[in-house]
Structure formats: C-alpha cells, structure tokens
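This report concerns only the one structure given below.
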Amino acid sequence: MSLLSISGITKRFGGITANKGITFDVAPGELVGIIGPNGAGKSTLFECISGFYHPDEGEVRLDGQRLTGLSPDVVCRRGVARTFQKLRPFQGLTVLDNVTVGALTRTKDVKHARAQAREILAKVGLTEKTDSYARTLSTGQRKRLELARALATQPRVLLLDEVTAGVDQRTIPGLVQLVRDLHAGGLTLLVIEHNMRVITAVAQRIVALYLGEVIADGAPDVVARDRRVVEAYLGQAYVQ
C-alpha cells in the first residue's frame with residue numbers, strides 16, 4: 001500500500017528541468033531517504049510535494065487524495081509537513097510560541113495548542129529552552145525547533161530537508177537518534193540528506209536523484225554501490 005504517491009513529477013524553470021518524471025511511492029510507516037549531488041532536484045521535489053511549487057506535469061497523492069494544485073497550508077492540513085534547509089523560526093517569539101503556532105493549524109484553542117507544544121518540546125529535547133527566544137538558540141537547537149514546529153501540525157508524512165546540515169559533529173548523533181525515535185513511533189518520513197553515513201544508517205530505502213531524474217531506488221547498501229550513484233557523486237574515475 002502507498003501512503004504518499006509521487007507520479008511523473010516534472011518541474012521546469014525556463015529552459016532548466018529541475019525534476020523530470022520523478023515517480024515513486026512511500027508506504028505507511030516507511031523512512032525513505034532522498035540523495036543526490038547539488039542540483040539534483042531534491043529540494044524542488046519537496047517544494048512540489050508540499051505545495052510551494054506547482055509541477056508542470058505529474059501529481060502527488062496522499063492516501064489516494066490529490067495534493068497537487070493545493071496551497072501549502074492546505075497540504076499541511078491534509079497531513080504533509082516539512083522542515084526547511086534554511087531555518088525559518090519566528091526569531092522574536094519564544095520556543096514555546098513557535099511550536100504553538102504549528103499546533104494552531106489543528107485547533108483554535110490556544111490553551112490546548114500550548115499544552116501540545118510543551119509535549120512536543122519534551123519529545124525533541126527542548127524543554128529547558130521553552131521560554132527562550134528562538135534567536136538565542138544554537139543551530140542544532142534550531143533544527144530541533146524546526147522539527148517540533150512541523151510535528152505540532154500532526155503530520156501523517158514528514159519531509160525533512162537536510163536535518164544534520166550545518167551542525168557540528170557532536171550534535172549529529174542526537175539528531176539522528178531523534179529521527180529514529182520519530183520513525184519508531186510510527187511516523188512516515190521522507191528525508192533529504194547529503195551525509196551518506198547518516199542516511200544509510202536511518203533509511204529503510206533510498207531514492208537517488210541526478211539531474212532531476214531517479215537513477216536508483218532500493219535498499220541503502222544496494223543504492224550506495226550502484227554504479228550510477230557512485231559516478232554522480234564521485235565521478236566516472238571512481239566507478240569500478
């Protein structure tokens with residue numbers, strides 16, 4: 001069974017084709033990694049899934065219901081949330097208020113939303129920062145805040161864009177464990193990640209993109225050895 005279905009997604013920007021006929025399904029509870037070198041079309045695909053871009057061809061469906069053509073807020077309420085590679089917290093709000101904003105997509109009761117926000121902050125390890133302003137957080141803590149705000153919308157599918165990018169090496173294991181914990185809790189995840197060690201450690205399956213197209217789709221160890229993937233990342237000289 002497919003929870004998230006991506007069918008023939010093509011997105012052009014003038015003469016540049018960022019996504020070309022991308023097709024794959026994500027099963028309920030699955031953790032799928034999306035890899036590819038810079039310019040492969042990974043973030044563009046996330047924009048098409050989440051409603052920020054409308055693809056020129058193809059469609060995205062969640063549990064059989066068409067998402068393509070809907071605005072990002074409607075896509076979010078349907079059950080697809082995302083984080084961004086470029087962190088975008090509300091700098092002048094507290095950590096609690098940032099997450100409360102996310103929770104208010106599901107309820108108009110502010111008291112209830114704040115209670116949910118506190119529970120989620122505990123889950124992502126930010127309880128001690130509840131009353132701190134978002135602008136005071138470290139990059140790793142902002143990554144957790146971005147996750148918390150997305151989780152507050154109660155997604156059925158969560159899209160994570162470079163969750164370990166820009167953080168120091170000591171912070172990465174904690175973020176990786178958080179992703180594992182979310183998946184173990186039953187959440188369906190689609191994760192863009194450049195760090196091959198990270199993505200092969202957490203993903204059940206990997207979809208590799210190159211120049212906007214899918215060049216491999218399968219188990220992490222199989223995709224990591226795929227000739228086309230190695231060539232896309234390292235160049236033809238490294239292909240055996």
Side-chain angles (χ1 to χ4, degrees), residues 1-9 19 21-36 41-53 55 58-84 99 102-103 105-107 116 119-120 123-124 143-144 146-164 175-193 198-209 214 216-224:
M1 289 182 60
S2 171
L3 176 59
L4 183 70
S5 179
I6 297 158
S7 178
I9 290 295
N19 290 158
I22 294 178
T23 299
F24 63 91
D25 291 334
V26 180
E30 193 174 20
L31 196 165
V32 177
I34 305 292
I35 67 168
K42 303 183 299 297
S43 291
T44 298
L45 177 61
F46 267 23
E47 302 285 15
C48 290
I49 295 171
S50 56
F52 287 89
Y53 290 159
E59 65 177 13
V60 178
R61 289 181 177 270
L62 179 69
D63 210 11
Q65 300 298 309
R66 182 182 170 94
L67 298 181
T68 303
L70 302 179
S71 61
D73 60 307
V74 175
V75 171
C76 181
R77 288 196 294 271
R78 291 285 178 91
V80 177
R82 67 166 297 184
T83 65
F84 293 86
V99 182
T105 63
R106 294 294 182 184
T107 178
Q116 288 184 316
E119 291 179 7
I120 293 168
K123 180 182 296 186
V124 302
K143 293 278 188 178
R144 290 174 180 269
E146 185 89 348
L147 262 170
R149 194 168 56 177
L151 289 171
T153 68
Q154 301 176 30
R156 300 181 64 191
V157 178
L158 179 58
L159 314 180
L160 301 182
D161 195 346
E162 298 283 3
V163 71
T164 67
L175 289 171
V176 170
Q177 187 58 53
L178 178 55
V179 172
R180 283 178 170 149
D181 291 344
L182 293 174
H183 179 234
L187 186 60
T188 302
L189 293 161
L190 193 57
V191 182
I192 291 175
E193 182 56 62
V198 168
I199 201 62
T200 55
V202 300
Q204 296 172 301
R205 179 173 138 234
I206 290 178
V207 176
L209 303 183
V214 175
D217 182 349
D221 58 336
V222 175
V223 171

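Just so you know, these numbers come straight off a predicted model, no measurement behind them.
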Answer yes or no: is there a side-chain heavy-atom contact under 4.5 Å between Ile6 and Phe24?
-> yes

Would you indicate whether the side-chain heavy atoms of Leu209 and Val214 approach each other to under 4.5 Å?
-> yes

Assess whether side chain to side chain contact (heavy atoms under 4.5 Å, CB included) is satisfied between Val60 and Val80, documenting all intermediate values.
-> CA-CA 11 Å; Val60 178; Val80 177; over 6 Å; no

Just wondering, do Asn19 and Pro55 contact through their side chains at under 4.5 Å, heavy atoms?
-> no

Side chains of Val207 and Ile22 in contact at under 4.5 Å (non-hydrogen atoms) | no

Closest non-hydrogen atom pair, Glu59 against Arg66 | OE1-NH1, 2.5 Å

Looking only at heavy atoms, the pair that brings Ser43 and Asp161 closest together is OG-OD2, 3.2 Å

Taking all atoms of both residues into account, what is the closest heavy-atom pair of Pro220 and Gln204, and its distance?
-> CD-O, 3.4 Å

Value for CG (Leu160) from CD1 (Ile192), rounded to nearest 0.5 Å, stands at 9.5 Å

Side-chain contact test, heavy atoms from C-beta onward, threshold under 4.5 Å: evaluate it for Val191 versus Leu31 and give yes or no.
-> yes

Please lay out, stage by stage, how Leu4 and Val32 fare under the test side chain to side chain contact (heavy atoms under 4.5 Å, CB included).
-> CA-CA 11 Å; Leu4 183 70; Val32 177; over 6 Å; no

Neighbour count >12 (heavy atoms, 6.0 Å) for atom CD, Gln177 | yes

Is there a side-chain contact between Leu189 and Val179 (heavy atoms, below 4.5 Å)?
-> yes

Give a yes or no on whether Arg78 atom CZ has more than 12 heavy-atom contacts from other residues, nucleotides or ligands under 6.0 Å away.
-> no

What are the two closest heavy atoms between Arg82 and Phe52, and how far apart are they?
-> CD-CE1, 4.0 Å

Side chain to side chain contact (heavy atoms under 4.5 Å, CB included) between Leu62 and Val157, intermediate numbers included | CA-CA 9 Å; Leu62 179 69; Val157 178; 3.8 Å; yes

Here the pair of heavy atoms bringing Arg205 nearest to Asp217 is NE-OD1, 2.7 Å

Any side-chain donor near an acceptor of the partner, Asp25 and Ser5, under 3.5 Å | yes

Minimal heavy-atom distance between Leu190 and Phe46, with the atoms involved, is O-CZ, 3.3 Å

Does the His183 side chain pair with the main chain of Glu30, one donor and one acceptor, at a distance under 3.5 Å?
-> no

Is Lys143 reaching over with its side chain to a backbone N or O of Glu162, donor-acceptor style, under 3.5 angstrom?
-> yes

In sequence, state the C-alpha distance, the side-chain angles, and the governing distance for Thr188 and Leu158, and then conclude on side chain to side chain contact (heavy atoms under 4.5 Å, CB included).
-> CA-CA 6 Å; Thr188 302; Leu158 179 58; over 6 Å; no

Distance col, row Leu178:CG vs Thr164:OG1, nearest 0.5 angstrom, shows 12.5 Å

Flag the pair Thr200 / Val223 as yes when at least one side-chain heavy-atom distance between them is below 4.5 Å, and no otherwise.
-> no

Is the backbone of Val124 close enough, under 3.5 Å, to the side chain of Arg144 for a donor and an acceptor to pair up by distance?
-> yes

Is any side-chain N of the basic residue among Arg149 and Glu146 closer than 4.0 Å to the acidic one's carboxylate O?
-> yes

Is the side chain of Arg156 donor-acceptor paired with the backbone N or O of Leu187 at a distance under 3.5 Å, no angle test?
-> no

Got Thr107 and Gln116 here, is their nearest side-chain heavy-atom distance under 4.5 Å?
-> yes

